[in-house]
*Asks:* 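Starting off with a structure, shown below.
Just the heavy atoms: all of them, side chains too, but no hydrogens, waters or symmetry mates, feed the values below.
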Amino acid sequence: MPEERTQHSEDSKGRTGPQELRGSVATFDRVEEGATAIATLSTKNHEVFESRVRDRSHVCLACGQASVHRFLYRKNGCDILRCEQCGLGRAETMGFDPESYYTSDYFSGERPDGYADYIGTENILRREFAGTVEFIRKFRASGRLLDVGCAYGFFLHEAKRFFDVSGIELAEDAAEHCRRSGLNVFTGQADETLLGRLGTTDVIVLLDVIEHLPSPRDTIALLVNQLDPGGIIVITTGDFGSLYSRVAGAHWRLMTPPQHLWFFSQASMQAMATSLGLEVEHLDHPWKVVPLSLISFQLTRMSGLRPKRIAISNRLGLPVNLFDAMRIVLRKPSR
Ligand SMILES: [Zn+2]
């Protein structure tokens, strides 16, 4: 901002212009104006200075560059930064423990940042997941399928009509719900120990999960090892480069740290996939049928009121596309 700098240097030199010769009243006015101007400018400069300090350097997990991460804003006590190279967003949190966070409260409307009523919207979610299964079958018609972060198993129940399915879920209640409904689901994080107990697989899905992982790159790298050559990883997540995300800033519907820790753009997804030896086979922004209860829950939350459950709207769904969420198919090359 060269204008500001020029003005500032003039101010710091003191006001010695010809106006001062026009009388004491005029001089007094000028001094007062000057003082206000200096105060305003120094506040501005302070902000510029502070935001520069808040920018920081990180090795980006998506593009692998040691790059400047621009400070964007603070949300829910977390600094939100963006890699200047690839556009990956990150939330810097202190002492966030996912194991104590993803409990049954999270899925039952007890927490404003969670789901309105996950189990209550099973019908709508399953219809949506049936569509996702159809989509996946265009890339892989059958075989073994692993759902990482499978919640209550609704997707797995749709997928098991075509695939030999298993799942991993961190929330004990949800994992137990899956097992009671006959699914092969393990409780825990997708780490080496747990994955070691599962065999290799043809399809791995992470549906709205990658943004929650403490270290998505490490997890995807482990999952790549788990994948047979020619197999695919299907990811859904927000698009941080989307118009809606950029316009809404801190108010973006998916900007919910510390629940969401990572905000991928198309470029950052591409960069991470390539560096892990995967090919981006498909990327789009799909339409989605969303339970009306979740829409009203999120709208209420955005309006600053405490969200409440509305029983009737659990049965209704609306097709929605804000083009701010993406679906990606990554393929591990055949040998
Ligand atoms: Zn990056």
*Asks:* Do Phe162 and Arg137 touch side chain to side chain, with heavy atoms closer than 4.5 Å?
*Replies:*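 They are in side-chain contact.
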*Asks:* Shared ILVMFWY cluster between Tyr73 and Trp252, side chains joined below 4.5 angstrom?
*Replies:*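 As far as the 4.5 Å side-chain criterion goes, Trp252 and Tyr73 are connected within one cluster.
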*Asks:* For a 4.5 angstrom cut-off between non-hydrogen side-chain atoms, does Leu322 reach Arg253?
*Replies:*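 The answer is yes, as the side chains (C-beta and beyond) meet within the 4.5 Å cut-off.
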*Asks:* Output, in order, the C-alpha distance, side-chain angles, deciding distance and verdict of side-chain contact (heavy atoms from CB on, under 4.5 Å) for Leu146 and Leu195.
*Replies:* CA-CA 10 Å; Leu146 171 66; Leu195 290 169; 4.1 Å; yes
*Asks:* Would you indicate whether the side-chain heavy atoms of Ser242 and Phe323 approach each other to under 4.5 Å?
*Replies:*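 Not touching, per the 4.5 Å side-chain cut-off.
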*Asks:* Tell me whether Lys332 contacts the main-chain N or O of Ile232 through its side chain, where contact means a donor paired with an acceptor under 3.5 Å.
*Replies:*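 No; judged by distance alone, with no hydrogens or angles, the pair does not exist.
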*Asks:* So which atom in Ala190 and which in Leu222 form the shortest heavy-atom distance, rounded to 0.1 Å?
*Replies:*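 Shortest heavy-atom separation between Ala190 and Leu222 comes out as O-CD1, 3.8 Å.
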*Asks:* If we only count heavy atoms from C-beta on, is the Cys83 to Arg70 side-chain gap below 4.5 Å?
*Replies:*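 No, their side chains stay 4.5 Å or more apart.
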*Asks:* With the threshold set at 4.0 Å, does a side-chain nitrogen-carboxylate oxygen contact exist between Arg179 and Glu172?
*Replies:*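 Salt bridge: yes.
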*Asks:* Among Val205, Val185, Leu170, Leu183, which residue meets the side-chain contact (heavy atoms from CB on, under 4.5 Å) test with Cys150?
*Replies:*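 The single option meeting the side-chain contact (heavy atoms from CB on, under 4.5 Å) with Cys150 is Val185.
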*Asks:* Could you pull out the closest heavy-atom pair between Gln85 and Ser67, with the gap in Å?
*Replies:*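 Here Gln85 and Ser67 meet closest at CG-CB, 3.5 Å.
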*Asks:* Could you tell me the separation between the CZ atom of Arg217 and the CD1 atom of Ile210, rounded to the nearest 0.5 Å?
*Replies:*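 Arg217 atom CZ to Ile210 atom CD1 measures 11.0 Å (nearest 0.5 Å).
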*Asks:* Any non-hydrogen side-chain atom of Ile220 less than 4.5 Å from a side-chain atom of Leu278?
*Replies:*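 In contact.
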*Asks:* Does a salt bridge link Arg127 with Glu158, judged by any charged N lying under 4.0 Å from a carboxylate O?
*Replies:*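 No salt bridge links Arg127 with Glu158.
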*Asks:* Above 12 or not: heavy atoms from other molecules or residues under 6.0 Å from NZ of Lys160?
*Replies:*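 For Lys160, atom NZ is crowded (more than 12 foreign heavy atoms under 6.0 Å).
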*Asks:* Please name the pair of heavy atoms, one in Ser57 and one in Ala66, separated by the smallest distance, quoted to 0.1 Å.
*Replies:*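 Scanning both residues, the minimum pair turns out to be OG-C, 4.4 Å.
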*Asks:* Between Thr201 and Gln226, do the side chains contain a donor N or O and an acceptor N or O under 3.5 Å apart?
*Replies:*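 No - no donor-acceptor pair under 3.5 Å links their side chains.
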*Asks:* Would you sort out whether Glu92 and His58 count as a side chain to side chain donor-acceptor pair (under 3.5 Å), showing the intermediate values?
*Replies:* CA-CA 11 Å; Glu92 299 219 311; His58 281 291; 2.7 Å; yes
*Asks:* Would Val68 and Val59 show up in the same hydrophobic cluster when neighbours are defined by side-chain heavy atoms closer than 4.5 Å?
*Replies:*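 Different clusters: Val68 never reaches Val59 through Ile, Leu, Val, Met, Phe, Trp or Tyr contacts under 4.5 Å.
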*Asks:* In Å, rounded to the nearest 0.5 Å, how long is the span from CG of Asp218 to CG of Leu61?
*Replies:*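 With rounding to 0.5 Å, CG (Asp218) is 8.0 Å from CG (Leu61).
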*Asks:* Mind checking the CG-CH2 spacing from Leu88 to Trp262? Nearest 0.5 Å is all I need.
*Replies:*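 Separation between the atoms: 6.5 Å.
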*Asks:* Quick check: do Arg90 and His69 have side-chain heavy atoms less than 4.5 Å from each other?
*Replies:*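 The answer is yes; the side chains approach within 4.5 Å.
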*Asks:* Do we see a donor-acceptor contact under 3.5 Å between the side chains of Glu122 and His157?
*Replies:*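 Side-chain D/A pair, Glu122 to His157: absent.
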*Asks:* With Phe264, which residues qualify under ring pair (Phe, Tyr, Trp, His ring centres under 6.0 Å), at least two apart?
*Replies:*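 Partners of Phe264 under the ring pair (Phe, Tyr, Trp, His ring centres under 6.0 Å) test: none.
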*Asks:* Check whether any side-chain heavy atom of Leu145 sits under 4.5 Å from a side-chain heavy atom of Asp164, and report yes or no.
*Replies:*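 Result no, sub-4.5 Å side-chain heavy-atom pair not found.
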*Asks:* Under 3.5 Å, is there a donor-acceptor pair between the side chain of Lys75 and the main chain of Ala250?
*Replies:*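 Yes, the answer is positive, given that a donor and an acceptor are paired below the 3.5 Å cut-off.
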*Asks:* Looking only at non-hydrogen atoms, find the nearest pair between Ala175 and Thr187 and report the distance.
*Replies:*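 Heavy atoms only, the tightest pair is CB-OG1, 3.4 Å.
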*Asks:* Report the residues that fulfil ring pair (Phe, Tyr, Trp, His ring centres under 6.0 Å) with Phe155, sequence neighbours left out, ordered by chain and then residue number.
*Replies:*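 Result, ring pair (Phe, Tyr, Trp, His ring centres under 6.0 Å) vs Phe155: Phe129.
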*Asks:* Please determine whether a side-chain nitrogen of the Lys or Arg among Glu281 and Arg331 lies less than 4.0 Å from a carboxylate oxygen of the Asp or Glu.
*Replies:*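 So Glu281 pairs with Arg331 through a salt bridge.
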*Asks:* With sequence neighbours left out, what residues match Glu128 under salt bridge (Lys or Arg N to Asp or Glu O under 4.0 Å)?
*Replies:*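 So Glu128 forms no salt bridge (Lys or Arg N to Asp or Glu O under 4.0 Å) with any residue.
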*Asks:* Carefully, step by step, assess Ile204 and Leu227 under the rule side-chain contact (heavy atoms from CB on, under 4.5 Å).
*Replies:* CA-CA 8 Å; Ile204 298 175; Leu227 205 58; 3.8 Å; yes
*Asks:* Between Asn76 and Pro257, is there a donor-acceptor pair closer than 3.5 Å when you use the side chain of the first and the backbone of the second?
*Replies:*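 Yes, because the side chain of Asn76 sits within donor-acceptor range (under 3.5 Å) of the backbone of Pro257.
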*Asks:* Can you confirm whether the side chains of His285 and Asp239 place a donor and an acceptor under 3.5 Å from each other?
*Replies:*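 Yes, because at least one side-chain N or O of His285 sits under 3.5 Å from a partner of the opposite role on Asp239.
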*Asks:* To the nearest 0.5 angstrom, please state how far the NE2 atom of His251 sits from the OH atom of Tyr244.
*Replies:*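 With rounding to 0.5 Å, NE2 (His251) is 10.5 Å from OH (Tyr244).
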*Asks:* Look at Arg144 together with Asp228 and state whether they make a salt bridge at an N to O cut-off of under 4.0 Å.
*Replies:*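 Salt bridge: yes.
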*Asks:* Taking a hydrophobic cluster as the set of Ile, Leu, Val, Met, Phe, Trp and Tyr residues connected by side-chain heavy atoms closer than 4.5 Å, whether directly or through intermediates, do Leu243 and Val320 fall within one such cluster?
*Replies:*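 No, because Leu243 and Val320 fall into different hydrophobic clusters, even though each may have its own neighbours under 4.5 Å.
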*Asks:* Let me confirm one number: the CD1-OG1 distance from Ile328 to Thr237, rounded to the nearest 0.5 Å.
*Replies:*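 Here the interatomic distance stands at 6.5 Å.
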*Asks:* Show your reasoning for whether side-chain contact (heavy atoms from CB on, under 4.5 Å) applies to Arg327 and Ile235.
*Replies:* CA-CA 6 Å; Arg327 177 168 66 177; Ile235 295 171; over 6 Å; no
*Asks:* Is the shortest heavy-atom distance from the side chain of Asp147 to the side chain of Glu169 under 4.5 Å?
*Replies:*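 Contact flag for Asp147/Glu169 side chains = no.
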*Asks:* His177: which residues meet the ring pair (Phe, Tyr, Trp, His ring centres under 6.0 Å) condition with it, sequence neighbours left out?
*Replies:*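 With sequence neighbours excluded, His177 shows a ring pair (Phe, Tyr, Trp, His ring centres under 6.0 Å) to Tyr152, given in chain and number order.
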*Asks:* What pairs of residues pass the ring-ring contact (aromatic ring centres under 6.0 Å, His included) test when at least one of them lies in residues 130-150, not counting sequence neighbours?
*Replies:*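 The answer is Phe135-Phe139, Phe135-His282, Phe139-His282.
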*Asks:* Is a side-chain donor or acceptor of Ser265 paired with a backbone partner of Gly241 at a separation under 3.5 angstrom?
*Replies:*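 Between the backbone of Gly241 and the side chain of Ser265 there is no qualifying donor-acceptor contact (under 3.5 Å).
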*Asks:* Do any N or O atoms from the side chain of Arg180 and from the backbone of Cys178 form a donor-acceptor pair under 3.5 angstrom?
*Replies:*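 The answer is no, because no donor-acceptor pair under 3.5 Å joins these two groups.
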*Asks:* If you compare all heavy atoms of Val209 against all heavy atoms of Val148, which two are closest, and at what distance to 0.1 Å?
*Replies:*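 Between these two residues, the closest heavy atoms are CG2-O, 3.4 Å.
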*Asks:* Can you confirm whether the side chains of Thr236 and Asp208 place a donor and an acceptor under 3.5 Å from each other?
*Replies:*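 There is such a pair (donor and acceptor under 3.5 Å, judged by atom type) between the side chains of Thr236 and Asp208.
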*Asks:* Here's a test for you: under side-chain contact (heavy atoms from CB on, under 4.5 Å), which of Leu283, Val280, Leu223 qualifies with Leu330?
*Replies:*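 Only one of Leu283, Val280, Leu223 forms a side-chain contact (heavy atoms from CB on, under 4.5 Å) with Leu330, namely Val280.
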*Asks:* Would you compute the distance between atom CZ of Phe263 and atom OG of Ser268 and round it to the nearest 0.5 angstrom?
*Replies:*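 The CZ atom of Phe263 sits 11.5 Å away from the OG atom of Ser268.
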*Asks:* List for me each residue that meets side chain to side chain contact (heavy atoms under 4.5 Å, CB included) alongside Phe186, sequence neighbours excluded, and say none if there are none.
*Replies:*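 Phe186 satisfies side chain to side chain contact (heavy atoms under 4.5 Å, CB included) with Asn184, Leu194, Arg197, Leu198 only.
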*Asks:* Which heavy atom of Thr274 sits nearest a heavy atom of Gln270, and at what distance?
*Replies:*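 Where Thr274 meets Gln270 most closely, the heavy atoms are OG1-O, 2.8 Å.
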